[in-house]
Protein chains: 2
Amino acid sequence: MFLGVVREKSILSQNHALADQHKKTLVVINRLSRIEGHVRAIKRMLKEGRPCPDVLIQLAAVKSAVRKAAQVVLEDHIESCLGQAAIKGTSDKNWHSLKEALDKYIS
Amino acid sequence: MFLGVVREKSILSQNHALADQHKKTLVVINRLSRIEGHVRAIKRMLKEGRPCPDVLIQLAAVKSAVRKAAQVVLEDHIESCLGQAAIKGTSDKNWHSLKEALDKYIS
């Protein structure tokens, strides 16, 4: 896990512009790595014939983790991208694309 | 992908009782494999610095896929486990554990 995080940091540090603009990209990537591991664990539960209610509870935890990852992406977007867009005077277009994404996320 | 599915089938066929009781276990495992791949693809999007609204849309798709996988688990549970439990006269306990799981899933 630790080595994985170091590797992610190394990949991100190759793109300084990205790392500067989005402060929480690494946080989101690490959250997604944990979600991946969680999904793999649920597959193991199914193969072992674990009770359905236990599987449902774990799927609920994954759904909640995806929701939290999206929340971090959204916060980062508001703090970084939209702030920059407002400075550059291109915020109308950016707000529109965010609104579209939120419509799809919430529906 | 095809080899992966064959491998899952082989693992499941080692447990005939499980395969008989839950008709859709393989379907759920394959759905979870696709979710794993989707999450990996979103990590790549973040590393490539793709726009936040695009990432949000993909996270929405993952959330929806998790919800659908849970729906299949629930249908399978109702058709297989609860049906068996009703025959054996142990349905009260089973209904209680399903209710608990649903409470956690819906909240």
Side-chain angles (χ1 to χ4, degrees), chain A residues 8 11-12 14-15 17-19 21-22 25-26 28-30 32-33 35-40 42-44 46-49 51-67 69-70 73-74 76-78 80-82 94 96-107, chain B residues 8 11-12 14-15 17-19 21-22 25-26 28-30 32-33 35-40 42-44 46-49 51-67 69-70 73-74 76-78 80-82 94 96-107:
Chain A
E8 306 292 10
I11 292 164
L12 278 179
Q14 290 164 15
N15 188 342
L18 172 66
Q21 196 181 14
H22 298 94
T25 302
L26 190 61
V28 180
I29 290 173
N30 288 337
L32 292 179
S33 293
I35 290 169
E36 249 186 287
H38 205 152
V39 172
R40 264 196 301 278
I42 299 174
K43 278 165 64 181
R44 275 198 301 276
L46 286 160
K47 287 172 192 169
E48 289 164 4
C52 301
D54 293 358
V55 173
L56 272 179
I57 287 169
Q58 293 311 315
L59 285 171
V62 167
K63 198 177 65 167
S64 170
V66 172
R67 196 171 42 80
V73 171
L74 186 59
D76 213 14
H77 187 60
I78 290 167
S80 310
C81 309
L82 294 180
N94 291 63
H96 181 71
S97 82
L98 174 64
K99 197 170 163 286
E100 264 189 348
L102 281 178
D103 282 348
K104 290 197 182 165
Y105 192 80
I106 292 165
S107 64
Chain B
E8 306 293 10
I11 291 164
L12 279 178
Q14 290 163 15
N15 189 342
L18 172 66
Q21 196 180 15
H22 298 94
T25 302
L26 189 61
V28 179
I29 289 172
N30 289 337
L32 292 179
S33 293
I35 290 169
E36 249 186 286
H38 205 152
V39 172
R40 263 196 303 277
I42 299 174
K43 278 166 64 181
R44 275 198 300 276
L46 286 160
K47 287 172 192 168
E48 290 164 4
C52 300
D54 293 357
V55 173
L56 272 179
I57 287 169
Q58 294 311 316
L59 285 172
V62 167
K63 198 177 66 166
S64 171
V66 172
R67 195 170 43 79
V73 171
L74 186 59
D76 213 14
H77 187 59
I78 290 167
S80 310
C81 309
L82 293 179
N94 292 64
H96 180 72
S97 82
L98 173 64
K99 198 171 163 284
E100 265 190 347
L102 281 179
D103 282 347
K104 289 196 183 164
Y105 191 80
I106 292 165
S107 65

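Just so it is clear: chains get the letters A, B, ... in the order the sequence lines come, proteins before strands, and each one is counted from 1.
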To the nearest 0.5 Å, what is the distance between [atom1] ([X]) and [atom2] ([Y])?
X	Y	atom1	atom2	answer
B:Asn30	A:Leu46	CG	CG	11.0 Å
B:Ile35	A:Lys43	CD1	NZ	10.0 Å
A:Thr25	B:Lys47	OG1	NZ	11.5 Å
B:Cys52	A:Leu74	SG	CG	9.0 Å

* To do: Compare all side-chain heavy atoms of B:Val39 with those of A:Val39 and state whether any distance is below 4.5 angstrom.
  =>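 The answer is no; the side chains never approach within 4.5 Å.
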
Among B:Ser64, B:Ala61, B:Ala69, B:Pro53, which has the most heavy-atom pairs under 4.5 Å with chain A?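 Looking at each option in turn, the highest pair count goes to B:Pro53.
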
task = Below 4.5 Å from any heavy atom of chain A, which atoms of B:Leu32 appear? Answer side chain, backbone, both or neither.
result =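 It is both, since atoms from each part get that close.
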
